[in-house]
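Structure first, then comments.
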Amino acid sequence: MASSEIPLVGPMIQKIFGTRNERIVKRYHQRAEAINAMSDQMSRLTDAQIREKTTELRDRVRKGTKVVDVLEEALAVAREAMDRNVGIRNIFNPLHADRFDPSRLSDSARRLYDETKA
């Protein structure tokens, strides 16, 4: 095979499998979709159940479960906990403006919040 034919292989492989960056982005999108799919389930949990779920996830990792195997569930729990305490998902949603109190932010974060809202 002539050396001039080798450059054709790379683009063909990229067409079939995508670039490295495209594969990474695809994995992140899949992970975000999996986390979003748990949203309803997590929103039905009480605060006490959220704390229990956190303890359960920690125990599973301590007993040998790989972090990557609980990552999506852990992030879904964390997002629900943050949303309940800060209202992070609806911070700029006018329908949920009453769920977030910007006075809880530090001065620098408040400036950024005000700039973004404007």
Side-chain angles (χ1 to χ4, degrees):
M1 176 164 25
S3 63
S4 62
E5 293 176 34
I6 293 175
L8 295 175
V9 175
M12 285 184 357
I13 290 174
Q14 284 184 356
K15 268 197 180 267
I16 295 169
F17 298 107
T19 64
R20 178 179 182 273
N21 190 47
E22 289 169 340
R23 291 188 307 270
I24 291 170
V25 169
K26 183 178 179 180
R27 279 196 310 263
Y28 281 124
H29 279 283
Q30 289 170 338
R31 181 163 285 150
E33 288 173 8
I35 293 165
N36 288 337
M38 291 183 239
S39 184
D40 288 342
Q41 173 190 353
M42 295 302 156
S43 68
R44 288 191 296 269
L45 297 177
T46 65
D47 289 351
Q49 289 171 320
I50 292 273
R51 285 189 292 278
E52 289 171 14
K53 181 63 83 173
T54 302
T55 301
E56 172 198 326
L57 292 168
R58 279 191 196 124
D59 289 344
R60 285 170 51 191
V61 170
R62 284 187 192 123
K63 291 178 182 174
T65 301
K66 293 179 182 177
V67 173
V68 72
D69 293 337
V70 298
L71 185 60
E72 292 163 359
E73 189 175 6
L75 291 171
V77 170
R79 182 177 70 178
E80 181 62 29
M82 285 189 310
D83 192 40
R84 288 181 188 192
N85 288 291
V86 181
I88 202 75
R89 283 189 280 178
N90 294 306
I91 194 169
F92 295 112
N93 185 338
L95 299 175
H96 302 286
D98 60 333
R99 291 185 67 192
F100 177 73
D101 179 10
S103 68
R104 297 171 63 183
L105 298 171
S106 68
D107 290 340
S108 61
R110 179 59 189 260
R111 281 191 300 278
L112 180 59
Y113 169 82
D114 290 337
E115 288 172 21
T116 304
K117 190 167 183 175

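None of these values were measured; they are calculated from a predicted model.
Closest approach of I50 to E80, counting heavy atoms only: CD1-CG, 3.8 Å.
Hydrophobic side-chain contacts under 4.5 Å tie Y28 into a cluster, directly or through other members, with I24.
When the side-chain contact (heavy atoms from CB on, under 4.5 Å) test is applied to N21, the partners found at least two apart in sequence or on another chain are T19, V25. In this structure S103 satisfies the side chain to side chain donor-acceptor pair (under 3.5 Å) test together with D101, sequence neighbours excluded. By the side-chain contact (heavy atoms from CB on, under 4.5 Å) test, Q49 is found to be paired with L45, T46, E52, residues two or more places apart in sequence or in another chain being considered. For A118, the side-chain contact (heavy atoms from CB on, under 4.5 Å) criterion is met by no residue, not counting sequence neighbours.
Summarising the local packing, CZ of R20 is surrounded by 12 or fewer heavy atoms from other residues, nucleotides or ligands at distances under 6.0 Å.
Rounding to the nearest 0.5 angstrom, the gap separating the OG atom in S39 from the CZ atom in R44 is 9.5 Å. For the atom pair CD (Q41) and CE (M38), the distance works out to 7.0 Å, reported to the nearest 0.5 Å.
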Distance-only donor-acceptor hits, side chain of residues 29-36, under 3.5 Å, sequence neighbours excluded:
{"residue": "N36", "atom": "OD1", "partner": "R79", "partner atom": "NH1", "Å": "2.6"}
{"residue": "N36", "atom": "OD1", "partner": "R79", "partner atom": "NH2", "Å": "3.4"}
{"residue": "N36", "atom": "ND2", "partner": "A32", "partner atom": "O", "Å": "3.3"}

Could you give the side-chain donor-acceptor pairs of residues 59-76 under 3.5 Å, partners two or more places apart or in another chain?
{"residue": "D59", "atom": "OD1", "partner": "R62", "partner atom": "NH1", "Å": "3.3"}
{"residue": "R60", "atom": "NH1", "partner": "E56", "partner atom": "OE2", "Å": "3.3"}
{"residue": "R60", "atom": "NH1", "partner": "E73", "partner atom": "OE1", "Å": "3.2"}
{"residue": "T65", "atom": "OG1", "partner": "R60", "partner atom": "O", "Å": "3.1"}
{"residue": "E73", "atom": "OE2", "partner": "K53", "partner atom": "NZ", "Å": "3.0"}

